There are 2 protein chains.
Amino acid sequence: MKQLPSTQRSLPIALIRARENVMTPIRQMLSESGLTEQQWRVLRVLDEHGALEPSQLAKHAALLLPSQTRIVQSMAQKGLVERREHRNDRRRTVIKITDSGQAIINDNAAKAAEIAAQIRDKLGPRRFETLLDILDDLRDLE
Amino acid sequence: MKQLPSTQRSLPIALIRARENVMTPIRQMLSESGLTEQQWRVLRVLDEHGALEPSQLAKHAALLLPSQTRIVQSMAQKGLVERREHRNDRRRTVIKITDSGQAIINDNAAKAAEIAAQIRDKLGPRRFETLLDILDDLRDLE
DNA sequence: GCAATATATTTAACATGTTAATGATTGCGA
DNA sequence: TCGCAATCATTAACATGTTAAATATATTGC
C-alpha cells in the first residue's frame, strides 16, 4: 500500500508557501494603492487584453466567477473598471479598465517588473522557466 | 525600464492555477468526509508530529494563526481534535488529534497516497522532485 | 411561436485569508 | 513586588475562496 508523503514534501503545502513568499513583496507594493492582489490581477489582465466578458476575465485572472463578481462590483464603485452591455446578447457584459485604473497600472508597472525580475534572478532564469513549465504540466489531472 | 511579464507567464497566477489543479481531486475525496482541505492538513500534521502548540501547528500546516484559531475551534466541536493546557505556561495550549480524527486519517490515507502518486507519475519522479526543490528556493525573497 | 433546455452570471451561505487591534500571561527590571 | 515590556493567541473586520442555488437571457425542438 502506498504511503502518504510527509507534509514536509507535500505539493499542496509547498504551493501555498511559495505563493505566500512570492506575494509578500507584491502585497507590500499594492497596499500603498489600497489594492488587493486580486484587484491588481484584474487590472493587469484588462490592461493586457482589453475589455473582456466576465468568464474570460475570470479565466485569465485565475478567479472563480462568484469572487470576481464581487471584486468587479467593488472596483466599479471605486471607478477602476466599468461595465458595458453586450450588443447582441444581454446575458453578457463587457468589463473594461478606466483611465483611473490604467493610471494605477502605470504607476506600479516599473516596481512590479522589478519584483518579478528579482524573483527570476533569485532562482536563475533557467530554473524560473523550468518552474513555470512544470506548473503548467499540472493541468488536466484526470 | 523593465517590462511587466505577460499574465500568461506570471508566477503568482501559475501558482494559483497549479494549486487549484492539484487540490481538485483531493477536495473530491474530502467532501465525502465533510472536511475542507485545511482541516485535512491539520489532521495530517497532528498525525505526523503528535500534539503541537498553535504556532507550531500553523507553521507545519501553512495556516495563518487567525484562520487556524477558527479551524481548530470548529474541529474541536466536531470532536476531531482536542486542546489541553500547558502545565507551566498558561499562555500556551497543546492541540492533539482525537481517535475520531485519527479514524478519518486512516480511512483516507490510501486514497490520498494514490492521488499524490498520480501527480508524481504525471510529472515524472524527477520533475516532481525538481518542482518541490524550486518551490522551496522561493523562501526568503528579500 | 412556445415550452424545454442550455448558457452566462449573480446571489447566497459558509469557510478561509489577511491585517490590525485586543487580550492574556509571563518574565524582567526598578 | 510592582509595573512594564515582550510574547503568544484570539478576536474583529473585511476580502476572497468554494459550492450550491437562483436568475436571466438565448437557443433548440416541436
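Everything numeric here is computed off the predicted structure, so don't read it as measured data. In the text below, chain A, chain B and the rest are named by the order of the sequence lines, each starting its count at 1.
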Looking at B:R44, B:E48, B:H49, which hits side chain to side chain donor-acceptor pair (under 3.5 Å) with A:T7? B:E48
Is there a side-chain polar atom (N or O) of A:T36 under 4.0 Å from OP1 or OP2 of D:dT16? yes
Tell me: CG of B:L35 to P of C:dC14, nearest whole Å? 18 Å
Using whole Å, report how far CG of B:L63 lies from P of D:dT10. 13 Å
Within residues 46-55 of chain B, those residues having any heavy atom closer than 4.0 Å to DNA chain C are none
Between B:D47 and B:K96, is the closest basic N to carboxylate O distance under 4.0 Å? no
Does a nitrogen or oxygen in the side chain of B:Q56 sit under 4.0 Å from OP1 or OP2 of D:dC8? no
Specify the separation, in whole Å, of atom CG of B:L57 and atom C1' of D:dT10. 15 Å
Drop me the distance from B:L131's CG to A:D137's CG, to the nearest 0.5 angstrom. 9.5 Å
To the closest 0.5 Å, what do you measure between CD (B:Q39) and CD (B:E37)? 10.0 Å
Side-chain N or O of B:Q39 versus OP1/OP2 of C:dT16: is the shortest distance under 4.0 Å? yes
Here the gap from A:L4 atom CG to B:N108 atom CG, rounded to the nearest 0.5 Å, amounts to 9.0 Å
Would you say the side-chain atoms of B:T98 and B:E82 include a donor-acceptor pair closer than 3.5 Å? no
Just to confirm, is there a sub-4.0 Å distance from OP1 or OP2 of D:dT16 to any side-chain nitrogen or oxygen of A:Q68? no
I need the CD1-P distance between A:I95 and C:dA8, as an integer number of Å. 15 Å
Between D:dA9, D:dT11, D:dT16, which nucleotide gets closest to the side-chain atoms of A:I71? D:dT16
Value rounded to 0.5 Å, distance of CG in A:L138 from CD1 in B:I119: 7.0 Å
Whole-Å distance, A:Q77 CD to D:dC14 C1', equals 14 Å
List the atom pairs, with distances to 0.1 Å, where a side-chain N or O of residues 55-64 of chain A and a protein N or O form a donor-acceptor pair under 3.5 Å, not counting sequence neighbours.
none

One character per nucleotide, please: for nucleotides 18-23 of chain C, 5' to 3', B when the base has a protein heavy atom closer than 4.0 Å, S when only the sugar-phosphate does, - otherwise. BBB---
Quick one: B:K78 NZ to C:dA15 P, roughly how many Å, whole number? 7 Å
Rounded distance (Å) that lies between atom P of D:dG17 and atom CE of A:M23: 11 Å
For B:R127, is there an ion pair with B:E129 - N to carboxylate O distance below 4.0 angstrom? no
What nucleotide among C:dA15, C:dT10, D:dG17 has an atom nearest to a side-chain atom of A:R83? C:dT10
